[in-house]
Protein chains: 2
Amino acid sequence: MLFRPTPSSGVPIYLQLMEQVKHSIETGALRPGEQLPGIRPLAEELVINPNTVAKAYRELEHEGVIELRHGAGAFVSGSARAKKETDAMKAGLSAVAATIEKLRARGLSDDEIRRLFEAELAGHAALPKTGGHRG
Amino acid sequence: MLFRPTPSSGVPIYLQLMEQVKHSIETGALRPGEQLPGIRPLAEELVINPNTVAKAYRELEHEGVIELRHGAGAFVSGSARAKKETDAMKAGLSAVAATIEKLRARGLSDDEIRRLFEAELAGHAALPKTGGHRG
DNA sequence: TCAACTGTACTACTGAACTAGAACTGTATT
DNA sequence: AATACAGTTCTAGTTCAGTAGTACAGTTGA
């Protein structure tokens, strides 16, 4: 009952679940080695398909956040890699928050802020002039 | 021939075109009031459907970046709003670049950086414990 | 071994996004 | 008015992500 999927938000359920788990780990609500809710019970709790939960868990394992043991359950990863990343993320979060705050103060919308970052993470080319060729 | 759509990149063609135009404006290659290539000539140039170009133009107009005049053509918007935003974007770009550089130096991948920002632009809740209820 | 859990694999339905083709309406120029 | 070129609208086909249903396989503990 703590988690409520919001289909109207446009964000896929399995992604919401993933963020939930990650956030729980970052805040310490879930600790390394701890077991997560089973796929089926959690699916019933959230009134969604078990396969949707399974997908979220699978993706989380792919990212190294959790560890899946067939027949045993899902557990929070305690690997050095995951912990190191979590630390880096924590450290970076404040920098990110500060930057976003600054941009918002300048009157930029969330969507525009998003554009800025996407543009910075990618590359660009040029555009043909008005009087382009004609076959 | 300056622009080449990359379907394999997974990014929709019309979005690529939009970024192209925006970038051209930000760098000054396209100035306020200047006319953009027509929908059909540009479509032919890029070997895509005119409708795809039209969609990009329509979205750009919705964002206030350009101005569409039925029967006349598409023109770079010279409105105060657009210019003010462009200025704010330019000013914010350096801050964004610096932040991203810092995060990369910490060993975070682009994907993880993306996660950080998305998390900061949204909200979170909690996760039910392992021993949840059973109907 | 057996029963009750666990995650896994496979198949299929649905809806939205993207692209495209063709026909339409408005503007400018002669 | 007529022509050429501009954006607009409508319809449709294709693809893919998301979700769900069902059957399968591994683990644990009595």
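Naming: A, B, ... by sequence-line order, numbering from 1 per chain.
Across the protein-nucleic acid pair, B:Glu44 atom CD and C:dG21 atom P stand 13 Å apart, rounded to whole Å. For the pair B:Ile13 CD1 and D:dT14 P, the interatomic distance rounds to 17 Å; values are reported in whole Å. Put simply, CG on B:Leu36 is 9 Å from P on D:dG7, counting in whole angstrom units. As rounded to whole Å, 16 Å separates atom C1' of C:dC5 from atom CG of A:Leu42. Here D:dT27 presents its P atom at 15 Å from CD1 of A:Ile39, a figure rounded to the nearest Å. Atom pair A:Arg69:CZ and C:dC5:C1' shows a separation of 16 Å (rounding to whole Å applied).
Remark on DNA chain D: of its neighbouring residues B:Gly71 and A:Leu15, the 5'-side contact belongs to B:Gly71, judged by nearest-heavy-atom nucleotide. Place B:Asn51 and B:Lys55 on DNA chain C by their nearest nucleotides, and B:Lys55 ends up nearer the 5' end.
Out of D:dT19, C:dG7, C:dA20, the shortest distance to the side chain of A:Tyr57 is found at C:dG7. Picking from C:dA20, C:dG7, C:dT6 the nucleotide with the shortest atom distance to the side chain of A:Pro41 gives C:dT6.
For A:His70 against D:dG26, a side-chain-to-base donor-acceptor contact under 3.5 Å is absent.
Using a 4.0 Å heavy-atom criterion, one finds that A:Arg58 contacts no nucleic acid atom at all. Here A:Arg40 lies in heavy-atom contact (under 4.0 Å) with a base.
Proximity of B:Tyr14 to the phosphate of C:dC18: a side-chain N or O atom is located under 4.0 Å from OP1 or OP2. For B:Thr52, no side-chain nitrogen or oxygen approaches OP1 or OP2 of C:dC18 to under 4.0 Å.
Connection of B:Phe117 to A:Leu93 is established within a shared hydrophobic cluster, with ILVMFWY side chains joined at heavy-atom distances below 4.5 Å, either directly or through further cluster members.
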